[in-house]
There are 2 protein chains.
Amino acid sequence: MRISAKADYAVRAALELAATEEDTSVKAEAIAAAQGIPHKFLEGILGDLRRGGLVASQRGGKGGYRLARPADTISIAEVIRVVDGPLVSVRGVRPPELSYCGPAESLLPLWIAVRANVRKILGEVTLAEVAAAELPGDVLGLAEDPEAWTNP
Amino acid sequence: MRISAKADYAVRAALELAATEEDTSVKAEAIAAAQGIPHKFLEGILGDLRRGGLVASQRGGKGGYRLARPADTISIAEVIRVVDGPLVSVRGVRPPELSYCGPAESLLPLWIAVRANVRKILGEVTLAEVAAAELPGDVLGLAEDPEAWTNP
DNA sequence: ATTTTCCCTACTGGAAAAATAGGGAATGAT
DNA sequence: ATCATTCCCTATTTTTCCAGTAGGGAAAAT
């Protein structure tokens, strides 16, 4: 299960915007520099976010990007979906479109359960919370377990 | 977050073996036919599983594959790790190797939490449970929620 | 008018995923 | 001993998608 560079970059860019005062715009170049993201690649991502209705843009001298909605109303899941499509997929298709037979039949509910669990986390955490380093209690609980940081 | 064809195939192949009586071997071709997996591709995957110590093989006329350990001691996570490496990665690297700065700093514990949650499910569910269509209670609970089956 | 910045299209290089091909080595049956 | 079967290994192909690049056009401010 791999999270793409695009999704990672998109979330980080959105976090930079979330950390800015409302109604001030940030230039793509500034975001790129702050987060170490290739400038032109980031421009494409910001375009996706704009078309997805998550950010607004302004051209010209004092131009730049800002969030289209308050940071505490945008979940991490939303950001990822806008740039990457479905949050979880198996062989490129969404779990509900899969069909298994024989002893593999219960694999479908298993993938569904995994997806539900991922959704629960990424869907409840907002840009505001991550930017302020104030993750919800249940998420913090998971992340604080030292076991969660060990490798295999 | 995408689960590869290889991981999906590997789990399904392992489930076919789990559904067989112990100490009887199944030919690669039979598994391929039962699950609709390209034969030669599957042979490579079975080779990985063997080198990973999850299946044993036998050549010749009555040859084939069987699980190297009881099906209730092999988790889905183990199968995926053997063929695909790390269960969860961001831009190809494991979460603990990542480093974020500025407002993105709390992104790391978030990915860790996601990974912990995925591990909890795929690490506790065994081949025996899936093959017998008897998922653990907590997993079933997640999968039974109708909300979990809706698309976005 | 000029500078700045977003915006759009195309495209490229490369890696990884998915699958194929062909033959060598072990095993069991005849 | 021979033969069919099946796993085993290496290499190659084909495809797809990811990540990044390039160049210029359109809007806005100064």
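So you know, we letter chains A, B, ... as the sequences are listed, proteins then strands, and number each from 1.
For the pair B:S57 and D:dC8, the criterion of a side-chain N or O lying under 4.0 Å from OP1 or OP2 is met. Taking side-chain N and O atoms only, A:R50 has a distance below 4.0 Å to OP1 or OP2 of C:dC8.
Residue pairs meeting the side chain to side chain donor-acceptor pair (under 3.5 Å) criterion with at least one partner in residues 103-124 of chain A, sequence neighbours excluded, are A:Y100-A:W111. The list of ring pair (Phe, Tyr, Trp, His ring centres under 6.0 Å) pairs with a residue in residues 119-152 of chain B, not counting sequence neighbours, is empty.
To the nearest angstrom, P of C:dC6 lies 11 Å from CG of A:L17. Distance CD1 (B:I45) to C1' (C:dT20): 14 Å, rounded to an integer number of Å. Atom pair A:L46:CG and C:dC7:P shows a separation of 9 Å (rounding to whole Å applied). The distance between atom CG of A:L49 and atom P of C:dC7, rounded to the nearest whole Å, is 11 Å. Residue B:I37 contributes atom CD1, which lies 10 Å from atom P of C:dA19 at whole-angstrom precision. For the pair A:D84 CG and D:dC18 C1', the interatomic distance rounds to 10 Å; values are reported in whole Å. Between A:L42 atom CG and C:dC7 atom P the separation is 12 Å, expressed in whole Å.
Atom-to-atom distance recorded for A:I80:CD1 and A:S4:OG is 8.0 Å, nearest 0.5 angstrom. Put simply, OH on A:Y65 and OG on A:S57 are 5.5 Å apart, with the number rounded to the nearest 0.5 Å. One distance of note links CZ of A:R66 with CD of A:E21; it measures 13.5 Å at 0.5 Å rounding.
No side-chain donor-acceptor contact under 3.5 Å links B:R81 to the backbone of B:G85.
The side-chain hydrogen bond (donor to acceptor under 3.5 Å, both in side chains) test applied to A:E16 returns A:Q35, not counting sequence neighbours.
If you check every strand for non-hydrogen atoms under 4.0 Å, B:G64 touches sugar and phosphate atoms only. Among the protein residues, A:R51 comes within range of the sugar-phosphate backbone only, with heavy atoms under 4.0 Å from sugar or phosphate atoms but none that close to a base.
Tested against A:L15, the residues A:I31, A:T20, A:V130 include a single side chain to side chain contact (heavy atoms under 4.5 Å, CB included) partner, A:V130. Screening A:V79, A:D48, A:L17 against A:L54 for a side chain to side chain contact (heavy atoms under 4.5 Å, CB included) leaves a single residue, A:V79.
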Base contacts versus sugar-phosphate-only contacts with protein, heavy atoms under 4.0 Å: please encode nucleotides 21-30 of chain D as B, S and - from 5' to 3'. B-BBBBSBSS
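Side-chain contact annotation: A:T126 with A:D72, donor-acceptor N/O pair under 3.5 Å absent.
A salt bridge does not link B:E43 to B:K27: none of the charged nitrogens lies less than 4.0 Å from a carboxylate oxygen.
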Sort me out a list of protein N/O and nucleotides 11-16 of chain C N/O pairs below 3.5 Å, or just none if empty.
none

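DNA chain C is contacted by B:S4, B:A5, B:K6, B:Y9 of residues 3-10 of chain B, taking any non-hydrogen atom closer than 4.0 Å.
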